[in-house]
Enquirer: 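Have a look at this one before I ask anything.
Hydrogens, waters and symmetry mates are skipped; everything else that's a heavy atom, side chains included, is used. Both ligands and their constituent atoms are indexed starting at 1 by order of listing.
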Amino acid sequence: MIIAIDGPAASGKGTLGKRLAEHFGLSHLDTGLLYRAVAKAVLDAGRELSDRDYAAQAATRIDPKHFSAALKSHAIGEAASVVSAYPAVRDALFKLQQDFAATPPGAVLDGRDIGTVICPQADVKIFVTASPEARARRRYLELCGQGQDVTETAILDDILRRDERDRSRAVAPLIAADDATMLDTTHLDVEAAFAAALKLVEQRVSPRG
Ligand code: DC
């Protein structure tokens, strides 16, 4: 079984992906980490984020087995949004994601273009949304918990800018697949969101669903 979860920054898709994968005994790939790793490689090499060629080369060397906690920072998320708009970066990461999904027993992948580009054949597609304010609040609390020095207003601004960039890029923009089911988590806590997602998956995969 392949479950595709897409949605904007801090919508809760990563947590849902992890929980669904655990529940169904599937592998889980947070594909945002791939783009974050590319952005970090560019910055670590002292290059500009506008260096498309270097970003594309870096994307060919990404290995999810060696991801570090540093990828989770707010700044790297912003940088990832920039490099992820480069078609050559997306091409370089395409096969890795498809191979991951195709490996038995199946997988949950979360990102922006999983249901539309990476796994259009997914058994279940969920598009997770939440209001920008709710997402900013969650991300703020998460980053504060990691000891990062951030303000909620700045996070909301960044989220709105990132939404716009991710939605308006020419290649593989953030958009719900036609056959995706929408899940709005604005008023749902982690447990309620998981219960709702589980119901969606069970409805989709049950013979009577
Ligand atoms: O989900 P995230 O915040 O870790 O993602 C970081 C950035 O990576 C996001 O702003 C856009 C990009 N991304 C993408 O373009 N396609 C994906 N499948 C996942 C993430």
Side-chain angles (χ1 to χ4, degrees), residues 2-18 21 27-43 49 52 55-56 58-59 62 64 67-101 107-120 122 125-130 132 134-143 146 148 150 154-177 180 183 185:
I2 297 176
I3 301 177
I5 306 182
D6 290 300
S11 55
K13 60 190 185 312
T15 308
L16 273 184
K18 191 163 172 283
S27 310
H28 172 230
L29 182 63
D30 171 351
T31 64
L33 289 176
L34 303 174
Y35 297 92
R36 286 170 180 260
V38 173
K40 187 166 183 300
V42 172
L43 296 173
L49 287 174
R52 292 170 177 247
I62 294 306
F67 283 168
S68 73
L71 295 180
K72 284 290 190 185
S73 83
H74 187 59
I76 294 291
E78 288 297 300
S81 174
V82 175
V83 298
S84 67
Y86 303 154
V89 168
R90 304 199 75 83
D91 286 350
L93 295 172
F94 182 78
K95 190 170 178 305
L96 185 160
Q97 295 174 83
Q98 282 211 322
D99 288 351
F100 187 93
V108 181
L109 287 84
D110 68 79
R112 303 292 188 290
D113 62 340
I114 308 303
T116 50
V117 177
I118 304 295
C119 301
K125 299 181 186 178
I126 302 176
F127 194 85
V128 187
T129 60
R135 291 187 281 129
R137 179 90 197 138
R138 284 179 200 159
R139 187 49 59 89
Y140 171 71
L141 294 173
E142 181 190 332
L143 293 170
Q146 294 168 10
Q148 297 193 38
V150 286
I155 301 235
L156 178 58
D157 286 350
D158 287 348
I159 276 186
L160 293 172
R161 206 176 41 245
R162 186 125 73 99
D163 283 358
E164 177 56 26
R165 199 189 291 125
D166 293 349
R167 283 193 183 115
S168 61
R169 68 178 176 227
V171 182
L174 168 64
I175 187 173
L183 176 60
T185 65

Enquirer: Counting non-hydrogen protein atoms only, what is the nearest one to atom 19 (C) of ligand 1? Give residue, atom name and distance.
Expert: Thr31 OG1, 3.4 Å
Enquirer: If only side-chain N and O atoms count, and only distance matters, is there a donor-acceptor pair under 3.5 Å linking Arg162 with Ser81?
Expert: no
Enquirer: Heavy-atom distance to atom 9 (C) of ligand 1: which of His74, Arg112, Lys13, Arg90 wins?
Expert: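 Looking at heavy atoms only, the winner is Arg112.
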Enquirer: Any side-chain heavy atom of Ile175 sitting closer than 4.5 Å to one from Thr116?
Expert: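 Ile175 vs Thr116: side chains touch.
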Enquirer: I need the nearest protein heavy-atom contact for atom 12 (C) of ligand 1: residue, atom name and distance, please.
Expert: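 Answer for atom 12 (C) of ligand 1: Ser84 OG, 3.4 Å.
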Enquirer: Side chain, backbone, both or neither: which applies to Ser81 and ligand 1 if a contact is any heavy-atom pair less than 4.0 Å apart?
Expert: both
Enquirer: Tell me: protein heavy atom nearest atom 8 (O) of ligand 1, and distance?
Expert: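 Scanning the protein heavy atoms, the shortest distance from atom 8 (O) of ligand 1 goes to Tyr35 CB, 3.6 Å.
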Enquirer: Only heavy atoms of Asp166, strictly under 4.0 Å: list the atoms of ligand 1 that pass.
Expert: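 Those of ligand 1 that fall under 4.0 Å from Asp166 are 9 (C), 10 (O), 11 (C).
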Enquirer: About how many Å separate OH of Tyr35 and CG of Asp30, when rounded to the nearest 0.5 Å?
Expert: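 Taking CG in Asp30 and OH in Tyr35, the distance rounds to 11.5 Å.
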Enquirer: Nearest heavy-atom pair of Val117 and Ala172: which atoms, and what distance?
Expert: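 For Val117 and Ala172, the tightest heavy-atom pair comes out as CG2-CB, 3.9 Å.
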Enquirer: Check whether any N or O atom of Asp113, backbone or side chain, sits under 3.5 Å from an N or O atom of ligand 1, and answer yes or no.
Expert: yes
Enquirer: If I apply the N/O under 3.5 Å rule, does Arg139 come out as touching ligand 1?
Expert: no
Enquirer: Looking only at heavy atoms, which two atoms of Val128 and Ile5 are closest? And how far apart?
Expert: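 Scanning both residues completely, I find the closest heavy atoms to be CG2-CG2, 3.6 Å.
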Enquirer: Give a yes or no answer on whether the side chain of Ser27 reaches the backbone of Phe100 with a donor-acceptor pair at less than 3.5 Å.
Expert: no
Enquirer: For atom 4 (O) of ligand 1, find the nearest protein heavy atom and state the residue, atom name and distance (0.1 Å precision).
Expert: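 Answer for atom 4 (O) of ligand 1: Arg36 NE, 2.7 Å.
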Enquirer: Taking only non-hydrogen atoms of Arg169, do any sit less than 4.0 angstrom from ligand 1?
Expert: yes
Enquirer: At a non-hydrogen distance cut-off of under 4.0 Å, which region of Arg162 contacts ligand 1 (side chain, backbone, both, or neither)?
Expert: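 The answer is the side chain of Arg162.
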Enquirer: Among side-chain atoms of Ser84 and Arg169, is any donor-acceptor pair under 3.5 angstrom?
Expert: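 Indeed, the side chains of Ser84 and Arg169 share at least one donor-acceptor pair under 3.5 Å.
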Enquirer: Is it true that a side-chain atom of Arg36 and a backbone atom of Ser73 form a donor plus acceptor pair closer than 3.5 Å?
Expert: yes
